[in-house]
Amino acid sequence: MEQEIVIGLPTVIGLGLASLSGVLLPVILWIVWRRKTHAPWIPLLTGILGYLFIGTVRGLARALFLTGLQSSPWLFYLMQAILAGVFEEGGRYLIFRYAIPHCDRYRDAASYGIGHGGLEHIIVNWNNALFFGFVVALLYHLQGMDGLLAQGMDMEGLPELLQDIADHNFLRCLLIALNNLGSLVFQCSMSVLVFTAVHRDGPPRWLLAAA
């Protein structure tokens with residue numbers, strides 16, 4: 001008789017925290033930030049539009065310059081990193097200087113970062129398998145194997161899936177959530193660095209630091 005797979009409540013909570021942080025964290029961060037600083041909406045919305053524009057241009061550049069480089073992985077990833085730095089930070093620089101030059105307070109830079117980084121964060125995590133794992137873990141914790149089968153899940157491969165979910169203990173999930181938070185804070189920091197290049201100290205030092 002096979003040993004029963006145990007998925008405890010801490011694992012369920014951890015998976016929920018890790019998966020939902022991938023989508024809800026930017027929203028929560030903006031609500032808290034706006035309440036604390038009374039930041040205007042324009043930098044946030046500009047950040048969202050800026051990410052869409054920069055992402056589109058960067059995608060075209062990747063298609064143009066990276067085609068055929070897959071055979072040389074080191075060159076492929078090097079060029080990918082260079083293009084990301086040029087378009088991400090160069091795009092921020094142009095937006096701060098020409099699109100919203102009147103938004104010249106540090107809270108505006110952070111608000112832009114929440115919009116820019118937040119949308120990227122949501123897009124990257126939207127199809128995150130952790131959310132599926134959270135739903136399966138919750139159903140299994142509440143209803144057991146019979147509950148999962150009643151929801152139409154295929155028995156084939158289900159034990160392996162449950163074991164993989166059970167391996168996501170609370171600490172591991174917490175680290176994933178903290179990594180999501182760190183990624184978003186990093187995006188805001190890059191926006192503040194580029195903002196400083198535009199409004200405080202001239203372009204060379206701070207823009208190069210961001211790139």
Side-chain angles (χ1 to χ4, degrees), residues 1-36 44 47-48 51-52 54-55 58-59 62 66 70 73-74 76-78 80-81 84-85 88 110-111 113-192:
M1 181 176 181
E2 293 185 1
Q3 185 178 1
E4 181 183 2
I5 299 172
V6 177
I7 298 179
L9 183 59
T11 295
V12 177
I13 294 174
L15 282 168
L17 180 65
S19 59
L20 294 177
S21 70
V23 176
L24 296 181
L25 190 57
V27 177
I28 295 172
L29 183 59
W30 170 247
I31 291 173
V32 173
W33 179 250
R34 179 168 167 79
R35 182 170 296 177
K36 292 290 185 181
L44 176 87
I48 293 173
Y51 172 76
L52 293 174
I54 293 170
R58 184 178 58 188
R62 283 177 174 174
L66 299 183
Q70 288 84 350
W74 67 271
F76 176 82
Y77 289 112
L78 176 62
Q80 191 174 44
E88 284 281 339
S111 299
I114 295 173
H116 182 119
L119 180 59
E120 180 178 15
H121 191 81
I122 291 172
I123 290 174
V124 169
N125 288 281
W126 185 256
N127 293 319
N128 198 323
L130 285 173
F131 183 73
F132 175 71
F134 165 62
V135 174
V136 172
L138 181 61
L139 289 173
Y140 182 76
H141 181 76
L142 295 176
Q143 302 177 2
M145 185 71 78
D146 292 339
L148 292 179
L149 296 176
Q151 297 298 322
M153 294 197 67
D154 191 350
M155 184 64 188
E156 184 179 357
L158 188 55
E160 291 79 6
L161 172 63
L162 291 174
Q163 186 58 60
D164 180 65
I165 291 173
D167 290 339
H168 285 73
N169 57 49
F170 181 80
L171 179 59
R172 181 179 175 184
C173 294
L174 180 60
L175 291 175
I176 292 173
L178 290 175
N179 180 68
N180 286 335
L181 176 61
S183 175
L184 189 55
V185 170
F186 175 79
Q187 288 284 353
C188 293
S189 299
M190 292 300 99
S191 296
V192 171

Return the CD1 to CD distance between Ile7 and Gln163, rounded to the nearest 0.5 Å. 8.5 Å
Can you name the closest pair of heavy atoms from Ser19 and Phe134 and give their distance? OG-CB, 3.9 Å
Which one of Trp30, Tyr51, Phe186 satisfies the ring pair (Phe, Tyr, Trp, His ring centres under 6.0 Å) criterion with His116? Tyr51
Taking every heavy atom of Ser111 against every heavy atom of Trp33, the minimum-distance pair comes out as OG-NE1, 3.1 Å
Judged by atom type as modelled, is there a donor-acceptor pair below 3.5 Å linking the side chain of His121 to the main-chain atoms of Ser21? yes
Please round to the nearest 0.5 Å and tell me the distance separating atom CD1 of Ile114 and atom CG of Leu184. 7.0 Å
Enter the distance from Leu161:CG to Ile5:CD1 here, rounded to the nearest 0.5 Å. 9.0 Å
So which heavy atom on Cys173 is nearest to which on Ala18, and how close? O-CB, 3.6 Å
What pairs with Tyr140 under ring pair (Phe, Tyr, Trp, His ring centres under 6.0 Å), at least two apart in sequence or on another chain? none
By side chain to side chain contact (heavy atoms under 4.5 Å, CB included), Leu24 pairs with (sequence neighbours left out) Leu20, Ile28
What verdict does the side chain to side chain contact (heavy atoms under 4.5 Å, CB included) test give for His141 and Thr11, after you've listed the backbone C-alpha separation in whole Å, the side-chain angles of each residue and the deciding distance to 0.1 Å? CA-CA 10 Å; His141 181 76; Thr11 295; over 6 Å; no
Say you draw a straight line from CZ of Arg34 to CG of Leu44; how long is it, rounded to the nearest 0.5 Å? 9.5 Å
So CD1 of Ile165 and CG of Leu15: to nearest 0.5 Å the spacing works out to 7.0 Å
So, Ser189 side chain and Val185 main chain: donor-acceptor pair closer than 3.5 Å or not? yes
Taking atom CD1 of Ile123 and atom CD of Glu120, what is their separation to the nearest 0.5 Å? 8.0 Å
